Amino acid sequence: MAAALSRTPSDPRAALLVIDMQYDFMPGGALAVAEGDQLVPLINRLGAQFRNVVITQDWHPAGHISFASSHAGRAPFDSINLPYGPQTLWPDHCVQATRGAELHADLDIPHAQLILRKGCNAGIDSYSAFVEADRTTQTGLAGYLKERGVDSVFVVGLALDFCVAWSAVDARTAGFNTWVIADACKAIDLGGSLEKAWQDLTAAGVVRIDSADLTG
Ligand code: VGL
Ligand code: ZN
């Protein structure tokens, strides 16, 4: 990365957004992301640098519409059309109040201000921390951040090609300066989803950096 970043982690106008560091996305989990657990130490170090930290939790009711098990004859990773558009079907994951939905116990960011739960609507998925998959229903995060004077977000966590990418694109759309810290993310990479995610991120004006690009 060339140019100096316009916001540093300690700037009160910047926030770190830590996406879905939950057991179901870790090796051995229901929707495992390879090496997802290896991010924990780096994300803890990043968390310590930022004044503002928001953590998200994918938080689905049992029988959620994104679960293949909710659709007769369908298998995980199939795609179907729902009233709000195409939906990838997933193994049951991050069911509210189950162990798989818990944040990794080694995630250690005690000053995080907000744990935002998303995907709680039985009939609408929400990869994004800002807007649900119907592209209309707001989670309230944009308002929360803006009311606290935040204008810039740095996004890390799981999975890069789904919840991280959708959150970062929606952050841009909501008017935030947005960076994805690439070495602090891991991808599912389903049918070219990782390459498409970087295209979408670039088109939206999200900037890719590495953790080493951050100072003070
Ligand atoms: C996610 C698929 C389904 C994610 C959540 O956190 O990236 N991916 N639900
Ligand atoms: Zn989910």
Side-chain angles (χ1 to χ4, degrees), residues 16-40 43 54-71 74-80 82 84-104 107 115-135 137 139 141 153-171 178 180-182 184-198 200-201 204 206:
L16 182 69
L17 201 49
V18 177
I19 303 292
D20 296 2
M21 291 293 289
Q22 297 164 266
Y23 284 115
D24 270 342
F25 298 122
M26 303 292 162
L31 181 40
V33 184
E35 303 180 339
D37 54 336
Q38 295 180 18
L39 297 177
V40 172
I43 290 178
V54 172
I55 293 171
T56 70
Q57 253 179 323
D58 210 37
W59 197 253
H60 300 308
H64 190 252
I65 197 160
S66 75
F67 297 170
S69 62
S70 303
H71 305 271
R74 295 294 182 166
F77 312 110
D78 285 355
S79 184
I80 62 167
L82 292 177
Y84 59 72
Q87 171 72 52
T88 301
L89 296 178
W90 304 105
D92 291 23
H93 65 279
C94 297
V95 175
Q96 294 170 1
T98 62
R99 168 168 165 90
E102 287 175 20
L103 295 168
H104 195 296
L107 192 69
I115 298 177
L116 179 97
R117 289 168 167 172
K118 63 184 179 60
C120 310
N121 266 324
I124 314 174
D125 204 2
S126 192
Y127 299 147
S128 168
F130 292 90
V131 188
E132 300 192 7
D134 61 1
R135 312 315 294 146
T137 307
T139 67
L141 181 58
V153 300
F154 293 76
V155 192
V156 300
L158 301 171
L160 173 54
D161 41 348
F162 290 93
C163 291
V164 169
W166 284 56
S167 296
V169 167
D170 286 350
T178 309
V180 167
I181 307 176
C185 303
K186 299 282 183 189
I188 295 174
D189 203 7
L190 182 67
S193 58
L194 181 56
E195 194 186 332
K196 180 171 187 312
W198 281 122
D200 293 345
L201 288 161
V206 175

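All values derive from a computational prediction rather than experimental measurement. Only heavy atoms go into these numbers, but all of them, side chains included; no hydrogens, no water, no symmetry mates. In each ligand, atom 1 is the first atom listed, and ligand 1 is the first ligand listed.
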- prompt: Is there a donor-acceptor contact under 3.5 Å from the side chain of Ser70 to the main chain of Gly63?
  reply: yes

- request: With heavy atoms of Tyr127 as the reference, note each atom of ligand 1 found under 4.0 Å away.
  value: 2 (C), 3 (C)

- request: Assess whether atom CD of Gln38 is packed by more than 12 heavy atoms of other residues, nucleotides or ligands within 6.0 Å.
  value: yes

Closest protein heavy atom to atom 2 (C) of ligand 1, given as residue, atom name and distance to 0.1 Å: Trp90 CE2, 3.4 Å

Atoms of ligand 1, numbered as shown, that sit under 4.0 Å from any heavy atom of Asp20: 4 (C), 6 (O)

- prompt: What do the steps show when you test Phe25 against His93 for ring pair (Phe, Tyr, Trp, His ring centres under 6.0 Å), and what is the final call?
  reply: CA-CA 8 Å; Phe25 298 122; His93 65 279; 5.8 Å; yes

Where Phe67 and Pro91 come nearest, the two heavy atoms and their spacing: CD2-O, 4.0 Å

- prompt: Is the distance from the Zn ion (ligand 2) to some N, O or S atom of Asp58 under 2.8 Å?
  reply: yes

field: Min side-chain heavy-atom separation Ile188-Trp90 under 4.5 Å
entry: yes

Ligand-side contact atoms (ligand 1) for residue partner Phe162, heavy atom cut-off under 4.0 Å: 7 (O), 8 (N)

- prompt: For ligand 1, is Gln22 a contact, meaning one of its heavy atoms is under 4.0 Å away?
  reply: no

- prompt: Could Asp37 and Lys186 be called an ion pair, given the rule that one side-chain N must be under 4.0 Å from one carboxylate O?
  reply: no

message: Among Ser126, Cys94, Ser66, Cys120, exactly one meets side chain to side chain contact (heavy atoms under 4.5 Å, CB included) together with Asp58. Which residue is that?
response: Cys94

field: For Ile80, all residues meeting side chain to side chain contact (heavy atoms under 4.5 Å, CB included), sequence neighbours excluded
entry: His71, Arg74, Leu82, Gln87, Leu89

- prompt: Roughly, to 10 degrees, what angle do His60 atom NE2 and His93 atom NE2 form around the Zn ion (ligand 2)?
  reply: 90°

Ligand 1 atoms in contact with Asp58 (distance to a heavy atom under 4.0 Å): 5 (C), 9 (N)

query: Any idea which protein heavy atom is nearest atom 4 (C) of ligand 1, and the distance to it?
result: Cys163 SG, 2.7 Å

- request: Look only at interatomic distance and state if His60 has a nitrogen or oxygen under 3.5 Å from any nitrogen or oxygen of ligand 1.
  value: no

- request: Please state whether the separation between the Zn ion (ligand 2) and some N/O/S atom of Cys94 is under 2.8 Å?
  value: no

- prompt: Side chain or backbone of Leu158 under 4.0 Å from ligand 1, or both, or neither, by non-hydrogen atoms?
  reply: backbone

